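One structure below.
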Amino acid sequence: MNRLDEARELLREFPVVDGHNDLPWALREQVRYDLEARDVAVRQDGHLHTDIPRLREGGVGAQYWSVYVRADLPDPVSATLEQIDCVRQLIDRHPRDLAPALTASDLVAARAEGRIASLMGAEGGHSIASSLGTLRGLYALGVRYLTLTHNDNVPWADSATDEPRAGGLSAFGRAVVREMNREGMLVDLSHVAATTMRDALDTSAAPVIFSHSSSRAVCDHPRNIPDDVLERLPANGGMAMVTFVPKFVLQAAVDWTVAADENMRAHGFHHLDTTAEAMKVHRAFEESNPRPVATVATVADHLDHMREVAGIDHLGIGGDYDGTAFTPDGLSDVSGYPRLIAELLERGWSKSDLAKLTWQNAVRVLGAAEDVARDLRATRSASNATLEQLDG
């Protein structure tokens with residue numbers, strides 16, 4: 001049996017729990033949630049990285065669907081609700097393939113049924129509008145993690161890609177983390193500044209996650225995780241889910257992306273725009289400036305380092321499909337996970353280690369957050385503190 005066949009066999013028993021997929025935003029941007037126009041029951045090559053046939057090929061057993069919205073929208077809370085509704089519509093349209101999931105036991109049940117457990121994560125604290133009540137409302141609607149920031153700061157937390165303002169987490173930011181612990185919502189530290197990462201680890205009583213981040217020691221990008229933070233995951237019990245985005249995993253791609261983003265802005269597009277018109281601008285730039293290409297081995301290099309620093313019990317996978325314009329060779333869409341597992345098998349990773357990477361760690365972490373929440377709700381009432389009260 002070759003390595004790829006071994007990988008596929010392993011994924012049949014321990015499928016991938018992927019921490020971050022932006023399909024709902026892609027559906028909003030491309031077809032304004034017209035799910036007939038982008039029917040994910042059939043292959044959507046050329047339009048999307050994600051559809052059900054390719055999720056099946058990729059050995060995906062559970063997916064955190066990102067209900068991301070841009071921070072500069074006039075009403076990000078309403079837009080987040082629309083994203084949640086999109087995920088619900090997807091699940092309702094495809095009940096034989098997608099199973100709604102809220103808990104670790106739901107993941108296990110979906111796997112037993114041969115369905116893909118579908119969870120949700122909100123990407124950016126702007127989605128709660130500095131309101132603990134709104135945070136609880138998102139949890140009630142099924143959101144199981146909140147990324148504390150996206151690319152811009154929020155009033156109570158610093159982003160990795162903005163100018164420092166809060167110095168990490170403010171007093172209200174720490175209250176947000178504590179309320180997430182009480183609800184059972186995972187604290188996601190992808191996108192946040194290293195100061196915010198450390199403050200959140202100091203504050204959180206439950207395991208944290210990085211839903212889609214890689215190693216800063218391997219690729220020096222502020223979106224990645226410094227070693228001193230990775231070293232703290234064993235004590236916290238959390239996990240770092242490696243991402244595939246070339247500009248976060250390959251140093252040469254970091255430098256190329258700076259120039260490409262400047263070119264997008266010069267043509268009047270947001271640098272994260274993946275509409276057809278924006279992609280024409282991207283492709284024209286790439287023709288004149290060949291893009292450095294990441295590979296499966298590039299991602300595996302990050303995992304090798306992260307395992308050495310944090311340990312195998314604290315790693316996972318968060319591809320960021322449909323949230324990036326470019327992908328590594330061999331990982332062009334959600335069917336590519338077996339190629340990463342085959343690369344790790346070739347590097348000597350054991351099957352028990354790979355089972356933790358793909359499935360077991362993510363199930364454990366979600367279950368641990370539920371356990372913490374159960375204890376906290378027995379001893380502590382919901383907080384109604386406000387940004388003004390705590391931060392002035």
Side-chain angles (χ1 to χ4, degrees), residues 14 16-20 61-62 64 101-108 117 119 121 139 143-148 157 168-169 173-192 194-216 224-243 302-303 305-318 349-350 352-380:
F14 300 105
V16 170
V17 181
D18 183 274
H20 193 88
Y64 280 95
L102 301 174
T103 65
S105 61
D106 289 343
L107 269 67
V108 174
L119 307 103
Y139 183 83
V143 173
R144 287 301 177 263
Y145 74 65
L146 174 69
T147 317
L148 299 185
L169 284 177
R174 291 189 288 276
V176 169
V177 169
R178 288 192 291 268
E179 199 64 18
M180 291 173 72
N181 289 167
R182 185 184 174 278
E183 288 294 300
M185 184 183 287
L186 291 164
V187 177
D188 178 23
L189 301 180
S190 287
H191 278 288
V192 308
T195 50
T196 306
M197 297 175 193
R198 296 176 188 119
D199 283 354
L201 283 164
D202 289 343
T203 305
S204 183
V208 303
I209 66 166
F210 292 83
S211 66
H212 57 308
S213 294
S214 296
S215 164
R216 193 174 300 188
N224 287 333
I225 313 167
D227 276 1
D228 74 284
V229 174
L230 286 171
E231 288 170 354
R232 295 185 62 179
L233 288 180
N236 167 264
M239 65 185 297
M241 307 175 90
V242 69
T243 195
H302 283 263
L303 281 168
H305 180 79
M306 294 161 76
R307 180 175 67 161
E308 182 178 333
V309 177
I312 187 57
D313 294 323
H314 305 285
L315 300 184
I317 296 172
W349 284 50
S350 70
S352 61
D353 282 355
L354 291 167
K356 291 179 178 181
L357 174 74
T358 59
W359 178 262
Q360 292 172 341
N361 291 342
V363 175
R364 172 187 58 78
V365 165
L366 182 57
E370 295 165 24
D371 292 342
V372 169
R374 191 177 303 112
D375 291 342
L376 290 176
R377 285 196 300 269
T379 60
R380 195 168 79 203

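Note that the numbering runs from 1 along the sequence shown for the chain. Computed from a predicted model, the values in this text were never measured in an experiment.
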note = Sorted by chain and residue number, the ring-ring contact (aromatic ring centres under 6.0 Å, His included) partners of H20 (sequence neighbours excluded) come out as H212
Over all atoms of both residues, closest heavy-atom pair of [X] and [Y]:
| X | Y | result |
| --- | --- | --- |
| L233 | A310 | CD1-CB, 4.5 Å |
| M306 | I225 | CE-CD1, 4.5 Å |
| V365 | M239 | CG2-SD, 3.9 Å |
| M197 | V192 | CE-O, 3.3 Å |
| N236 | A206 | ND2-O, 3.1 Å |
| A205 | V372 | O-CG2, 3.6 Å |

Can you find a heavy atom in the side chain of [X] that is under 4.5 Å from one in the side chain of [Y]?
| X | Y | answer |
| --- | --- | --- |
| L148 | L169 | yes |
| S105 | E370 | no |
| I317 | L357 | yes |
| S214 | T243 | yes |

Verdict with reasoning, R364 to D371, per salt bridge (charged side-chain N to carboxylate O under 4.0 Å, His left out) = CA-CA 10 Å; R364 172 187 58 78; D371 292 342; over 6 Å; no
key: side-chain contact (heavy atoms from CB on, under 4.5 Å) between E179 and L376, worked out   = CA-CA 9 Å; E179 199 64 18; L376 290 176; over 6 Å; no
inquiry  = Any carboxylate oxygen within less than 4.0 angstrom of a Lys/Arg side-chain nitrogen, looking at R216 and D228?
reply    = no
SB check D353 R307 (cutoff 4.0 Å) = yes
Distance, nearest 0.5 Å, that separates CG of D227 from CD of E308 = 8.5 Å
ask   = When rounded to the nearest 0.5 angstrom, what distance separates CG in L102 from CG in L119?
value = 7.5 Å
Please confirm whether the backbone N or O of [Y] pairs with a side-chain atom of [X], one donor and one acceptor, at under 3.5 Å?
| X | Y | answer |
| --- | --- | --- |
| R182 | R377 | no |
| Y64 | G121 | no |
| N361 | I312 | yes |
| R144 | L186 | no |

According to side chain to side chain donor-acceptor pair (under 3.5 Å), who are the partners of [X], at least two apart in sequence or on a separate chain?
| X | result |
| --- | --- |
| T195 | none |
| N181 | S204 |
| S213 | S190, R223 |
| R174 | none |

inquiry  = Do T196 and D199 pair up side chain to side chain, a donor and an acceptor below 3.5 Å, judged on atom types alone?
reply    = no
note = The side chain to side chain contact (heavy atoms under 4.5 Å, CB included) partners of Q360 (sequence neighbours excluded) come to F14, A355, K356
